[in-house]
Participant: 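After the structure tokens below, expect a handful of questions from me.
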Amino acid sequence: DAANFRKFRVAETKHGRVAMMASIGTVVSHSVKFPGFENVPAGIGALTNEAALPGIAALVVFSGLLELVLWKDDANKDPGNFGDPLSWGE
């Protein structure tokens, strides 16, 4: 049915964008370090490092807020279309 198809299309678009950001983050994390996280290893090793826990927690909270508050799905728009928040298209 159309509602299920739309739900899957929204999920596919969102997962694709997350995968693209994760691939860029994996490459960039080897050369860019945020202040206070200089001693955290790059890549998957950060998940087992105790010094990385505040950063991981902040990332989860920030992502959750974006997902629940800012990036809500609008049934009147195409899936993944959140408009032009910075007005670059004007």
Side-chain angles (χ1 to χ4, degrees):
D1 64 17
N4 240 1
F5 179 75
R6 179 176 174 73
K7 181 177 80 169
F8 289 139
R9 192 167 168 206
V10 167
E12 180 182 12
T13 303
K14 190 176 296 184
H15 290 139
R17 288 178 177 172
V18 168
M20 287 186 279
M21 288 188 291
S23 65
I24 290 172
T26 301
V27 173
V28 171
S29 70
H30 290 282
S31 58
V32 176
K33 300 283 185 174
F34 287 110
F37 295 100
E38 293 89 358
N39 296 328
V40 175
I44 198 78
L47 294 175
T48 59
N49 189 301
E50 192 172 308
L53 291 179
I56 294 170
L59 182 62
V60 168
V61 169
F62 181 70
S63 300
L65 286 174
L66 286 176
E67 185 72 27
L68 295 173
V69 177
L70 186 62
W71 293 335
K72 289 187 176 184
D73 185 39
D74 186 356
N76 297 326
K77 296 181 183 176
D78 289 333
N81 181 2
F82 299 112
D84 188 3
L86 300 176
S87 301
W88 286 356
E90 293 181 0

Participant: Show the nearest heavy-atom pair for residues S29 and T26, with the distance to one decimal.
Facilitator: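 Taking S29 first and T26 second, the nearest heavy atoms are OG-O, 3.1 Å.
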
Participant: According to the salt bridge (charged side-chain N to carboxylate O under 4.0 Å, His left out) rule, which pairs have a member within residues 9-33, sequence neighbours left out?
Facilitator: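 Checked against salt bridge (charged side-chain N to carboxylate O under 4.0 Å, His left out) - neighbours excluded - the pairs reaching residues 9-33 are K14-E67.
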
Participant: Using a side-chain heavy atom cutoff under 4.5 Å and only I, L, V, M, F, W and Y, what cluster partners does V27 have?
Facilitator: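 Other cluster members: none.
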
Participant: For residues 45-66, tabulate all N or O donor-acceptor pairs below 3.5 Å that involve a side-chain atom, not counting sequence neighbours.
Facilitator:
residue: T48; atom: OG1; partner: G45; partner atom: O; Å: 3.1
residue: N49; atom: OD1; partner: A51; partner atom: N; Å: 2.7
residue: S63; atom: OG; partner: L59; partner atom: O; Å: 2.8

Participant: Around H30, counting heavy atoms of other residues, nucleotides and ligands shown, do more than 12 lie under 6.0 Å from its NE2?
Facilitator: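 Result for NE2/H30: enclosed.
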
Participant: For atom CG of N39, decide whether the heavy atoms of other residues, nucleotides or ligands shown that lie under 6.0 angstrom number more than 12.
Facilitator: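 At most 12 heavy atoms, drawn from other residues, nucleotides or ligands, come within 6.0 Å of this atom.
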
